[in-house]
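Here the structure comes first, spelled out in structure tokens, and everything after it is commentary.
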Number of protein chains: 2
Amino acid sequence: MPTAGEKEFVQFLRDHGVRVTPNRLTVFRVMQSSNEPLTIPDLASRVEGSGLNTATLYRIMETLTELQVVHPVLQDHQNVAYELLEPFARHHDHLVCRQCGRTVNIYDCRLEEALKTISDDKGFHIDFHQMEVHGLCPDCQKANATQSP
Amino acid sequence: MPTAGEKEFVQFLRDHGVRVTPNRLTVFRVMQSSNEPLTIPDLASRVEGSGLNTATLYRIMETLTELQVVHPVLQDHQNVAYELLEPFARHHDHLVCRQCGRTVNIYDCRLEEALKTISDDKGFHIDFHQMEVHGLCPDCQKANATQSP
DNA sequence: TTCGCTGCAAACGGTTTGCACCGCG
DNA sequence: CGCGGTGCAAACCGTTTGCAGCGAA
């Protein structure tokens, strides 16, 4: 199933009684064109020239979070970054490397299956989940092996 | 397996060339006595009277994060809170009920197993993971079934 | 025409930093 | 003793807020 696009976003805003403005469309486009979470400074640098004010950016992200169009995630152990949620982006989990700090997305249904098995046993009804795996990525493992054998 | 205590913490610090100080022990005790993540203000209020300065608290949490004794998690979509990691606390995931709002800890090794399989495929070395499942707990499901059959 | 949205700039407060003193190893 | 750790207070800067003008519906 493809993810919802700008057209659906516009409709979504209208359905929720939120006005469709150029600024909100700009932010949505930037979010959708990125395949990694973006911080406020990230967003600010990518909308330069559009005249979008920082204060407005904060307000837009707050609105989109309340509407559950995006959700905040912790980046580099200290910065908050935003990521699109379903149906505007495909669900995935994160692998965060403790050394290079990069985040790799995992699209793996086996995790969902395991989760479903467990939740069935416990009688939980799952809406959605969010997972972050911390560790060492293949590249950094190689780098370490070369430097200190 | 029981979790490591203060004795192991002291040894851990020594092994990593980090000095054992009263402040660090105080923070560790507070963290271990809490069964939920604590923010800096949370910690500050719980160490009042010990003379522990806020700036020092920030520095201690930074150190403990680097040592992976604790890790930061996002709370209420905006505040950073800290949680003890293994072996100083038993690993668990969270189920947050959308109705009653309660958080239930999940201790289930099958999830770990699934995760290990996936990470092996990707060549990722896992340190730890953190998961938050949102859904409906058994109690609320029953309550709903009774109220609106 | 209305009222939500935005730009601007000042205010705010959580976090960081410099420095001298303390005390663990 | 040496140097890492700490308290203190000022500086910093990301974030919030008040307000007037704009523009989506």
Side-chain angles (χ1 to χ4, degrees), chain A residues 6-7 9-31 37-67 69-82, chain B residues 6-7 9-31 37-67 69-82:
Chain A
E6 190 168 314
K7 193 175 173 182
F9 176 65
V10 168
Q11 192 55 48
F12 183 89
L13 293 184
R14 292 207 171 111
D15 291 347
H16 288 262
V18 176
R19 290 188 185 171
V20 178
T21 67
N23 282 341
R24 286 174 176 156
L25 287 175
T26 299
V27 170
F28 180 74
R29 288 189 196 112
V30 170
M31 290 295 298
L38 299 176
T39 63
I40 297 277
D42 287 340
L43 287 163
S45 71
R46 295 182 191 212
V47 299
E48 260 182 21
S50 72
L52 205 166
N53 188 271
T54 307
T56 303
L57 195 46
Y58 277 98
R59 289 187 274 228
I60 288 177
M61 297 321 287
E62 188 185 349
T63 301
L64 295 184
T65 301
E66 283 167 3
L67 293 175
V69 168
V70 301
H71 75 140
V73 296
L74 206 50
Q75 202 179 58
D76 307 326
H77 279 195
Q78 54 177 351
N79 299 109
V80 173
Y82 294 89
Chain B
E6 191 167 313
K7 193 176 176 183
F9 176 65
V10 168
Q11 192 56 48
F12 182 90
L13 293 184
R14 292 206 170 114
D15 291 346
H16 288 262
V18 175
R19 289 188 184 171
V20 178
T21 66
N23 282 341
R24 286 174 176 156
L25 288 175
T26 299
V27 170
F28 179 75
R29 287 191 196 110
V30 170
M31 290 297 298
L38 299 175
T39 63
I40 297 278
D42 287 340
L43 286 163
S45 70
R46 295 183 190 212
V47 300
E48 259 182 21
S50 72
L52 204 167
N53 187 272
T54 306
T56 303
L57 195 45
Y58 277 98
R59 289 187 276 229
I60 288 176
M61 296 322 285
E62 188 185 349
T63 301
L64 296 185
T65 300
E66 283 167 4
L67 293 174
V69 169
V70 300
H71 74 140
V73 296
L74 206 49
Q75 204 178 57
D76 307 326
H77 280 196
Q78 56 176 349
N79 298 110
V80 173
Y82 295 90

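Throughout, a chain's letter reflects where its sequence line sits, starting with A, and its residues are numbered from 1. Computed from a predicted model, the values in this text were never measured in an experiment. Below, all heavy atoms of this structure are taken into account, side chains as well, without hydrogens, waters or symmetry copies.
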Review point. Closest to the Asn53(B) side chain: dC8(D), dT6(C), dG7(C)?
Key: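 For the Asn53(B) side chain, the nearest candidate turns out to be dC8(D).
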Review point. Out of dC8(C), dG7(D), dC5(C), which has the shortest distance to the side chain of Thr56(B)?
Key: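 In terms of side-chain proximity for Thr56(B), the closest of dC8(C), dG7(D), dC5(C) is dG7(D).
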Answer whether the closest heavy-atom distance between the side chains of [X] and [Y] falls below 4.5 Å.
| X | Y | value |
| --- | --- | --- |
| Asn79(B) | Ile40(B) | no |
| Gln11(B) | Asp15(B) | yes |
| Leu57(B) | Val27(B) | yes |
| Leu64(B) | Met31(B) | no |
| Leu13(A) | Leu67(A) | yes |

Could you check how far [atom1] of [X] sits from [atom2] of [N], rounded to whole Å?
| X | N | atom1 | atom2 | value |
| --- | --- | --- | --- | --- |
| His16(A) | dA25(D) | NE2 | P | 15 Å |
| Met61(B) | dT6(D) | CE | C1' | 16 Å |
| Leu57(B) | dG7(D) | CG | C1' | 13 Å |
| Asp42(A) | dG14(D) | CG | P | 13 Å |
| Glu48(A) | dG7(C) | CD | P | 14 Å |
| Asn23(A) | dC5(C) | CG | P | 11 Å |
| Leu43(A) | dG14(D) | CG | P | 15 Å |
| Leu13(A) | dA24(D) | CG | P | 14 Å |

Check your understanding: Sequence neighbours excluded, which residues qualify as salt bridge (Lys or Arg N to Asp or Glu O under 4.0 Å) partners of Glu66(B)?
Key -> none
Practice item. Verify whether one side chain among Thr26(A) and Asn23(A) offers a donor that lies under 3.5 Å from an acceptor in the other. Key: no
Review point. At under 4.0 Å, does any side-chain N or O of Asn79(A) touch on OP1 or OP2 of dG14(D)?
Key: no
Revision key, fill the gap. Per-nt protein contacts along nucleotides 16-25 of chain C (heavy atom under 4.0 Å; B base, S backbone sugar-phosphate only, - none) come out as BBB----BBS
